[in-house]
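Everything numeric in this text was worked out from a predicted model, so none of it was measured. In each ligand, atom 1 is the first atom listed, and ligand 1 is the first ligand listed. Scope of the values below: all heavy atoms of this structure, side chains included, with no hydrogens, waters or symmetry mates.
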Amino acid sequence: MTRVKVCGVTREADLRAVADAGADAVGLISGVSVDTPREVSPERAASLAAAAPPFLTSVLVTMPERASDTVALAERVGVDAVQVHGVDPETAVELRSHVRTLVVATDADRAPAYEGCADGLLVDSVDESGAGGTGETHDWARTRELVDSLETPVVLAGGLTPENVGEAVETVGPYGVDVASGTEASGGVKDHDRVRAFVRNTRRGAEVAL
Ligand SMILES: O=C(O)c1ccccc1NCC(=O)[C@H](O)[C@H](O)COP(=O)(O)O
């Protein structure tokens with residue numbers, strides 16, 4: 001089964017829509033050094049995490065300046081897992097010793113350097129700061145090679161939409177997929193029909209890939 005994470009939720013109604021659509025995880029973006037409409041305060045992230053129903057994994061998505069800040073933020077927000085952008089492998093190893101589940105976001109070229117440093121690798125179309133949410137796809141064939149060569153589970157992200165996720169899953173065969181802008185009505189606001197279609201089309205793509 002291909003796991004689905006819907007990232008950049010800022011409102012409780014959107015969190016419910018993500019859960020009702022059957023997604024596996026929800027991403028709450030806080031403590032990032034870029035300007036994004038998907039960022040929420042730690043307080044808001046905590047309130048959203050507390051509203052997540054059973055079996056919907058809450059994920060803090062952040063860009064650490066120091067590993068210790070991220071550990072404190074994750075405890076304050078009260079999430080099940082942490083996804084970090086813009087960290088080197090050594091910082092990932094340090095962070096992983098303090099959080100239960102660590103996902104590192106990286107581009108395809110750098111992904112092999114994180115093998116064994118994280119519980120999951122999110123292969124994304126990152127900008128120069130390492131931030132995601134670009135809405136751009138990357139070379140799926142290259143990510144397929146990573147899926148085949150790495151032990152660490154690979155999550156495909158970057159420019160995924162309800163329209164292309166089925167083909168993406170068939171091509172890459174990832175552990176999971178992650179979407180932010182492709183399920184939005186506007187910055188930070190989810191389109192519930194697109195959230196439902198994204199989850200549905202991921203499942204269909206995964207069936208074809210079997
Ligand atoms: O989405 C953001 O604005 C963002 C900013 C800083 C760090 C991470 C961010 N997004 C995190 C993500 O989980 C993925 O990058 C995202 O799902 C992929 O985005 P998109 O291409 O818009 O689907």
Please examine the side chains of [Y] and [X], heavy atoms only from C-beta on, and report whether any two atoms are closer than 4.5 Å.
X: T106; Y: L122; answer: no
X: V82; Y: T70; answer: yes
X: R38; Y: S181; answer: yes
X: Y175; Y: T2; answer: no
X: V77; Y: E43; answer: no

statement: Under 4.0 Å between heavy atoms, the region of E39 that gets near ligand 1 turns out to be neither

- prompt: Which bit of S181 is near ligand 1, meaning a heavy atom under 4.0 Å away: side chain, backbone, both or neither?
  reply: both

[X] neighbourhood, listing ligand 1 atoms whose heavy-atom distance to it stays under 4.0 Å:
X: V179; answer: 17 (O), 23 (O)
X: V34; answer: 5 (C), 6 (C)
X: T134; answer: 21 (O)
X: I29; answer: 1 (O), 2 (C), 4 (C), 9 (C), 10 (N)
X: K5; answer: 13 (O)

query: What do you reckon, does E184 put a non-hydrogen atom under 4.0 Å from ligand 1?
result: no

message: Check contact between G158 and ligand 1, using heavy atoms of the residue and a distance below 4.0 angstrom.
response: yes

Please confirm whether [X] comes within less than 3.5 Å of ligand 1 when only nitrogen or oxygen atoms on both sides are compared.
X: C7; value: no
X: G135; value: yes
X: G159; value: yes

How far is [atom] from its nearest protein heavy atom, and which residue and atom name does that atom have?
atom: atom 1 (O) of ligand 1; result: R38 NE, 2.8 Å
atom: atom 15 (O) of ligand 1; result: D124 OD2, 2.4 Å
atom: atom 4 (C) of ligand 1; result: G132 O, 3.6 Å
atom: atom 17 (O) of ligand 1; result: D178 OD1, 2.6 Å
atom: atom 3 (O) of ligand 1; result: T36 OG1, 2.7 Å
atom: atom 23 (O) of ligand 1; result: A180 N, 2.9 Å

- request: Not counting sequence neighbours, list each pair that qualifies as a side-chain hydrogen bond (donor to acceptor under 3.5 Å, both in side chains) and has a residue in residues 154-169.
  value: T161-E163, T161-N164, E163-R194

message: I'd like to know if D20 and K190 make a salt bridge, using a cut-off of under 4.0 Å between side-chain N and carboxylate O.
response: no

task: Give a yes or no on whether a salt bridge exists between R96 and D119, defined as a side-chain N under 4.0 angstrom from a carboxylate O.
output: yes

task: Could you point out which residue of D24, V155, T202 forms a side chain to side chain contact (heavy atoms under 4.5 Å, CB included) with V177?
output: T202

field: R110 atom CZ, over 12 foreign heavy atoms within 6.0 Å
entry: no

- prompt: How far apart are the C-alpha atoms of V172 and V147, what are their side-chain angles, what is the distance that settles it, and do they pass the side-chain contact (heavy atoms from CB on, under 4.5 Å) test?
  reply: CA-CA 7 Å; V172 178; V147 169; 3.8 Å; yes

